[in-house]
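Proteins come first, then strands; the chains are lettered A, B, ... in the order of their sequence lines, and each starts at number 1.
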Amino acid sequence: MSSRMQIYEAVRRIPRGRVSTYGDIAKAAGLPGQARQVGYALAALGGETDIPWHRVVNTSGRVSVRTGDRSVEELQRALLRAEGIRFGPADTIDLRRYRHE
DNA sequence: AACCTGACGACGC
DNA sequence: GGCGTCGCCAGGT
């Protein structure tokens, strides 16, 4: 429960126009190796939140696929593009360039 | 208690 | 880079 707060705090630290990965956030939240927990914590956020959930992608530099609802992924890409992040072929982001340490 | 399921990831081919 | 395998762990059946 409290670990979820740690996750949100870490996500909050991602600067605008940059991204981080589930694994990196997990590590930053003191939960190394528990990337999945990050996914669950973000999924638990409703639409109303000030947490920049869209700045979290997987290590492939791509927006993770949700089960069912596919429109959310489009929204995430739109939000990222709005921050100046460019997507390459296959909707891939260049992590070497946008990844936040 | 056993088993299944994910907004994941590292590793070996 | 694609693909299969295994490790991870909270929650729900």
Side-chain angles (χ1 to χ4, degrees):
Chain A
M1 180 57 93
S2 176
S3 55
R4 230 174 62 187
M5 291 296 115
Q6 304 295 308
I7 291 173
Y8 295 148
E9 276 307 301
V11 174
R12 264 194 244 279
R13 285 195 283 279
I14 307 173
R16 191 170 184 296
R18 309 289 301 293
V19 299
S20 189
T21 66
Y22 295 92
D24 285 350
I25 292 300
K27 195 190 329 173
L31 300 171
Q34 298 185 60
R36 305 193 94 123
Q37 304 314 307
V38 176
Y40 294 135
L42 295 184
L45 292 170
E48 280 289 301
T49 179
D50 56 323
I51 297 173
W53 58 272
H54 60 284
R55 308 216 260 244
V56 184
V57 299
N58 53 222
T59 53
S60 299
R62 316 217 305 139
V63 165
S64 288
V65 180
R66 275 70 162 179
T67 51
D69 190 0
R70 186 115 172 279
S71 61
V72 187
E73 302 163 32
E74 286 302 320
L75 169 62
Q76 182 169 3
R77 278 189 285 274
L79 290 172
L80 291 175
R81 275 191 285 263
E83 297 188 349
I85 292 177
R86 315 274 288 288
F87 284 81
D91 288 325
T92 301
I93 292 175
D94 184 352
L95 290 183
R96 292 175 305 178
R97 180 176 165 191
Y98 300 107
R99 192 176 203 164
H100 165 62
E101 299 312 321

From [atom1] of [X] over to [atom2] of [N], roughly how many Å is that when rounded to an integer?
{"X": "A:R77", "N": "B:dA7", "atom1": "CZ", "atom2": "C1'", "result": "13 Å"}
{"X": "A:L79", "N": "B:dA7", "atom1": "CG", "atom2": "P", "result": "19 Å"}
{"X": "A:I93", "N": "B:dA7", "atom1": "CD1", "atom2": "P", "result": "18 Å"}
{"X": "A:Y22", "N": "B:dA10", "atom1": "OH", "atom2": "P", "result": "14 Å"}
{"X": "A:R62", "N": "C:dG2", "atom1": "CZ", "atom2": "P", "result": "8 Å"}
{"X": "A:I7", "N": "B:dC8", "atom1": "CD1", "atom2": "C1'", "result": "12 Å"}
{"X": "A:W53", "N": "B:dC8", "atom1": "CH2", "atom2": "P", "result": "14 Å"}

Strictly by Watson-Crick or wobble contacts shorter than 3.5 Å, is anything paired with [N], and which nucleotide is it?
{"N": "B:dA7", "answer": "none"}
{"N": "C:dG1", "answer": "none"}
{"N": "C:dC8", "answer": "none"}

Determine the contact category for [X]: base if any of its heavy atoms lies under 4.0 Å from a base atom, sugar-phosphate if only primed atoms, P, OP1 or OP2 are that close, otherwise nothing.
{"X": "A:V56", "value": "nothing"}
{"X": "A:S60", "value": "nothing"}
{"X": "A:Q37", "value": "base"}

- Item | Phosphate contact (B:dC8 OP1 or OP2) by A:T21 side-chain N/O below 4.0 Å | no
- Message: One thing to verify: whether A:D94 and A:R86 come together as a salt bridge, which I'm taking to mean a side-chain N less than 4.0 angstrom from a carboxylate O.
- Response: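 A:D94 and A:R86: not salt-bridged.
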- Looking only at atom P, what distance separates C:dT13 and B:dA7, rounded to whole Å? 16 Å
- Shortest side-chain distance from A:R36, nucleotide among B:dC8, B:dA10, B:dA7: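 Within the option list, the nearest is B:dC8.
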- Note on the structure: From the candidates B:dC8, B:dG9, C:dA10, the one with an atom nearest any side-chain atom of A:Q34 is C:dA10
